[in-house]
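Chain A is the first sequence line, chain B the second, and so forth, proteins listed ahead of strands; every chain is numbered from 1.
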Amino acid sequence: MKQLVRTRIAPSPTGNPHVGTAYMALFNLAFARRNKGSMILRIEDTDRARSTSESESAILDSLRWLGIEWDEGPDKPGKFGPYRQSERLEIHQSIVGRLVEQGDAYPCFCTSERLNQVRKEQIANKETPRYDRHCLNLSKEEIEKKMDRGDPYVIRMKVPQEGECIFTDELRGEVRIDWKQIDHQVLQKSDGYPTYHLANVVDDHMMEISHVIRGEEWISSTPKHILLYQQLGWDAPSFAHLPLLRNPDKSKLSKRKNPTGIFYYRDAGYLPEVMLNYLGMMGYTLPDQREIFSLDELSESFDIKRMSLGGPIFDLAKLKWLNGRYLREKLSEDDVVERLIQWKLNTTKFKNILPHALQRLENFSDFIPLTEFLFNEHPEITLENLIGKLDPGQAAKLLKICEWELEKVKNWHRDEIFCLFQDLAKTEEKKLKEILPLFFQAMSGKSISLPLFDAMSILGPDLVRVRLRKALGLLNSEGVGLSKKGLKVLEKEYQQKYGNRID
RNA sequence: GUCCCGUUCGUCUAGUCAGGUCAGGACACCGGGUUUUCAUCCCGGCAACAGGGGUUCGAAUCCCCUACGGGACGCCA
């Protein structure tokens, strides 16, 4: 009797929906459909500090926009819920309790300061950073004493000292990793929430996931997961690790180097079915090698063994070409009109824009030139206009700081952006008026345009980030940007003045 | 640094499992044609089996080593 195929995607709601998530979702879905199984969407929100419900709904929206459908999820109750890990806390804690009782896990009272110190020393001694098992052999009395005192603690897993973990990756075959390489991973944090490793094993088991299809980045922690399955007496699912999408420099796709937000592509005017089609040709070809295909066509013949394992570079040029082909081959003219309206040429969007444009209009024909940059993926900018009266180095610095600061914006609204610029000007000891032309240019390529903060809020974080980066790129290519050294210096300075970066 | 994974045109890839066609297609690029411009479209061109050893009559394909690239090494996922 063949086991029912159940796959899952497990995004963590900690930021902008990422094309990598869509990439994994696509193949999980294709695999599930091909095998008449189901795909589950599970929200991995065990990081209480970073998870937000805005991000969660953004992820759901972005996947829906792409046409990715799940059979069970937080919005689609099924037999195996809840589908949000934060709502499964009791389950996770009881399993952790069981592991402790069995002697497969133990409490650890080490402070993060101590851990950092140990890690530092290990790196200095050229050792592999790893938990030194300081708390492994605490006596019952000691543990009780510390707990009674209310000392914060985590629960760590116990890992064999000898031998190796051997598991089969569906795509790569046998993988062997020495248990010595595996750290005594934290299973439960001091706030009582499980870590990914614990929660994902427990939930995959309880949700009867048959195939774990995830990114290559997880290979090295798979032994931890296998061990947990063993300790809990559960059968492990099959594992298939897909290659990671890459930047043009071959590093793992990151928003610092590439637009990685799903909404970037939506807002820049790409069709969702093109995104899926394009993602589908990253690491995969249909047996007949056709290049234009729908999700259904992909699913119909999908064979995971056909995945190629080299990390594919996400190439905007080919994506653009593909989108062009859909526009002129797959859609009728009526369709295109309809989709164009859906995109930005609609009343809602115009109503959004008009208040900021109205004072600057004399007749209708002013509207398009004035707002053109809101509809343009890449407005043209020139070095001279960009810099204006600023010193080029200063301009580069401001753009970079702004890019970093913008990452901290929680609610992408005019007012918050305004505050950010006020602080920026103050901290850099400039008048707001002095620094704004730079950003007008970076956003619109013009000096006559809409109010900056409103324009930025309409553009959204993804398009804004790319524009800032493009301006920075222009400075660099003209040899007046930030050098590598300059960037390092700036980073330090930034940290002092603005605090840590997040990205 | 340690471990793991990977490597076919600049890019996405076919071919690898079952060794035997000048290594095929697509993007990009270059050239030509159609088009009042541009784009589309059509035709053509450039361009790769990372390197070295084996096994074999024969290796992109099987084995080993090296190099290079990537990933992991968090109370992130």
Side-chain angles (χ1 to χ4, degrees), chain A residues 10-15 18 20-21 24 42-51 85 108-112 115-116 119 122-131 152-156 164-165 167 169 171-183 185-200 214-224 241-253 278-292 305-322 324-325 327-329 502:
Chain A
S12 102
T14 51
H18 195 278
T21 306
M24 292 304 154
R42 184 175 69 222
I43 295 294
E44 309 239 326
D45 56 350
T46 53
D47 184 342
R48 299 318 292 159
R50 292 198 302 148
S51 298
Q85 284 185 329
C108 163
F109 298 87
C110 294
T111 61
S112 43
L115 260 18
N116 285 338
R119 202 169 295 137
Q122 286 169 329
I123 291 170
N125 295 333
K126 304 208 167 184
E127 292 167 36
T128 307
R130 199 147 295 157
Y131 181 59
Y153 65 95
V154 301
I155 304 291
R156 288 182 182 273
E164 53 183 1
C165 176
F167 65 94
D169 178 283
L171 303 177
R172 298 154 214 269
E174 198 175 274
V175 178
R176 301 164 159 261
I177 297 175
D178 277 344
W179 284 120
K180 281 199 185 68
Q181 293 298 323
I182 311 301
D183 204 359
Q185 179 64 52
V186 171
L187 297 177
Q188 185 176 292
K189 310 174 215 180
S190 55
D191 65 1
Y193 279 83
T195 58
Y196 168 85
H197 303 284
L198 187 280
N200 119 84
R214 51 161 34 160
E216 196 178 9
E217 58 201 314
W218 294 109
I219 293 179
S220 33
S221 34
T222 302
K224 291 170 193 169
H241 293 96
L242 268 31
L244 261 22
L245 259 17
R246 310 277 187 100
N247 296 311
D249 68 0
K250 304 219 183 227
S251 56
K252 171 171 153 179
L253 190 69
Y278 181 68
L279 254 11
M281 59 204 259
M282 303 265 84
Y284 190 74
T285 4
L286 298 220
D288 64 3
Q289 285 199 68
R290 88 190 95 141
E291 294 205 281
I292 308 261
K305 295 253 160 52
R306 287 183 64 84
M307 291 292 311
S308 52
L309 301 178
I313 291 168
F314 195 88
D315 176 24
L316 283 316
K318 193 155 184 174
L319 174 64
K320 223 169 175 174
W321 162 80
L322 192 65
R325 279 198 66 175
L327 254 21
R328 70 187 97 90
E329 287 174 28
I502 42 169

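Rounded to whole angstrom, the span from the OH atom of A/Tyr196 across to the C1' atom of B/C76 amounts to 12 Å. Rounded to an integer number of Å, the gap from CG of A/Asp183 to C1' of B/A77 is 16 Å. Between A/Asp315 atom CG and B/U13 atom C1' there is a gap of 12 Å when expressed in whole angstrom units. Here B/C27 presents its P atom at 18 Å from CZ of A/Phe314, a figure rounded to the nearest Å.
Here A/Tyr193 pairs with nothing under the ring-ring contact (aromatic ring centres under 6.0 Å, His included) rule; sequence neighbours left out.
One P atom belongs to B/G44, the other to B/U55, and the distance between them is 44 Å to the nearest Å. For the P atoms, the distance from B/G32 to B/C38 is 13 Å, rounded to whole Å. Taking atom C1' on both nucleotides, B/U13 is separated from B/A23 by 13 Å, rounded to a whole Å. Look at the C1' atom in both B/U21 and B/U61: the space between them is 15 Å, to the nearest Å. Using P as the reference atom, B/G25 and B/G6 are 29 Å apart when rounded to the nearest Å. For the C1' atom pair drawn from B/A50 and B/G70, the interatomic distance equals 15 Å after rounding to whole Å. Distance noted for atom C1' between B/C3 and B/G10: 32 Å (whole Å). Nucleotides B/G52 and B/U7 place their C1' atoms 15 Å apart, quoted to the nearest Å.
B/U21 makes up no base pair with any nucleotide shown, lacking Watson-Crick or G-U wobble contacts both under 3.5 Å. Across all strands shown, nothing is found opposite B/U35 as a Watson-Crick or G-U wobble partner with both distances under 3.5 Å. In a base pair of the Watson-Crick type (N1 to N3 plus N6-O4 or O6-N4) or a G-U wobble (N1-O2 and O6-N3), with each distance short of 3.5 Å, B/C73 is matched with B/G1. In this entry B/G6 has B/C68 as its Watson-Crick or G-U wobble partner, both defining distances falling under 3.5 Å. The nucleotide B/C29 finds its pairing partner in B/G45, both defining distances of the Watson-Crick or G-U wobble pair being shorter than 3.5 Å. Applying the Watson-Crick and G-U wobble criteria (two distances, each under 3.5 Å), B/A60 pairs with nothing in any strand.
Closest contact between the side chain of A/Ile219 and the listed nucleotides B/C73, B/A77, B/C5 involves B/C5. Distance from the side chain of A/Thr128 is smallest for B/C73 among the nucleotides B/C76, B/C73, B/A72. Considering only the side chain of A/Lys189, B/C75 comes nearest among B/C75, B/G71, B/G74. Out of B/A72, B/C75, B/C5, the shortest distance to the side chain of A/Glu216 is found at B/C5. Closest to the A/Lys126 side chain, of the nucleotides B/A77, B/G1, B/C12, is B/G1. For A/Met281, taking side-chain heavy atoms from C-beta onward, the closest of the listed nucleotides B/C3, B/C12, B/A77 is B/C12. Closest approach to the A/Thr46 side chain among B/A77, B/U11, B/G71 is made by B/A77 (side chain taken as heavy atoms from C-beta onward). Residue A/Leu115 places its side chain closer to B/C75 than to any other of B/C75, B/C76, B/G70. If you check B/U2, B/G71, B/C76 against the side chain of A/Gln181, the one that comes closest is B/U2. Out of B/U13, B/A72, B/G74, the shortest distance to the side chain of A/Thr285 is found at B/U13.
No hydrogens or angles were tested; on distance alone, nothing pairs the side chain of A/Ser220 with the base of B/C4 as donor and acceptor under 3.5 Å. Evaluation of atom-type donor-acceptor distances gives a pair under 3.5 Å for the side chain of A/Lys318 against the base of B/A26.
A distance below 6.0 Å separates the ring centres of A/Tyr196 and A/Trp218.
A donor-acceptor contact shorter than 3.5 Å is absent between the side chain of A/Asp178 and the backbone of A/Lys180. Between the side chain of A/Thr222 and the backbone N or O of A/Ile219, at least one donor-acceptor pair lies under 3.5 Å.
OP1 and OP2 of B/G74 both lie 4.0 Å or more from every side-chain N or O belonging to A/Ser112. Taking side-chain N and O atoms only, A/Lys250 has a distance below 4.0 Å to OP1 or OP2 of B/U11. An OP1 or OP2 oxygen of B/G74 is reached within less than 4.0 angstrom by a side-chain nitrogen or oxygen of A/Arg119.
With respect to the salt-bridge test (charged N to carboxylate O, under 4.0 angstrom), the residues A/Lys318 and A/Glu291 qualify. Salt bridge A/Asp288/A/Arg290: present, at least one basic N to carboxylate O contact under 4.0 Å. The residues A/Asp249 and A/Arg246 are annotated as not salt-bridged, no charged nitrogen and carboxylate oxygen being separated by less than 4.0 angstrom. Contact check on A/Lys252 versus A/Glu216 returns no salt bridge, with no Lys/Arg side-chain nitrogen under 4.0 Å from an Asp/Glu carboxylate oxygen. With respect to A/Asp47 and A/Arg50, a salt bridge is recorded, a charged nitrogen being found less than 4.0 Å from a carboxylate O.
The residue A/Pro312 sits close only to the backbone: its heavy atoms come under 4.0 Å of sugar-phosphate atoms, none of a base. No contact: A/Thr14 has no heavy atom under 4.0 Å from any strand. A/Val154 comes within 4.0 angstrom of a nucleotide base, judged by non-hydrogen atoms across all strands. In this structure, A/Arg306 reaches the sugar-phosphate backbone alone: every heavy-atom distance under 4.0 Å involves primed, P, OP1 or OP2 atoms, never a base. Among the protein residues, A/Ser221 comes within range of no part of the nucleic acid, since none of its heavy atoms lies under 4.0 Å from any strand. Heavy atoms of A/Cys165 sit nowhere under 4.0 angstrom from any nucleic acid atom.
You'll find the side chain of A/Ile177 stays beyond 4.5 Å of the side chain of A/Glu164, heavy atoms only. Counting heavy atoms from C-beta on, the side chains of A/Leu187 and A/Arg156 never come closer than 4.5 Å. Residues A/Arg214 and A/His241 meet the side-chain proximity criterion, which asks for heavy atoms closer than 4.5 Å.
Place A/Glu217 and A/Leu171 on RNA chain B by their nearest nucleotides, and A/Leu171 ends up nearer the 5' end. Across the interface with RNA chain B, nearest-nucleotide mapping of A/Gln289 and A/Ser12 shows A/Gln289 to be the residue nearer the 5′ end.
By the neighbour-count criterion of 12 heavy atoms within 6.0 Å, atom CZ of A/Phe109 is densely surrounded, having more than that number from other residues, nucleotides or ligands.
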Using atom names, set out every protein N or O paired with an N or O of nucleotides 41-48 of chain B below 3.5 Å, distance rounded to 0.1 Å.
residue : atom : partner  : partner atom : Å
B/C41   : OP1  : A/Arg328 : NH1          : 3.3

What does the list of N/O pairs under 3.5 Å between the protein and nucleotides 32-34 of chain B look like, with a distance for each?
none

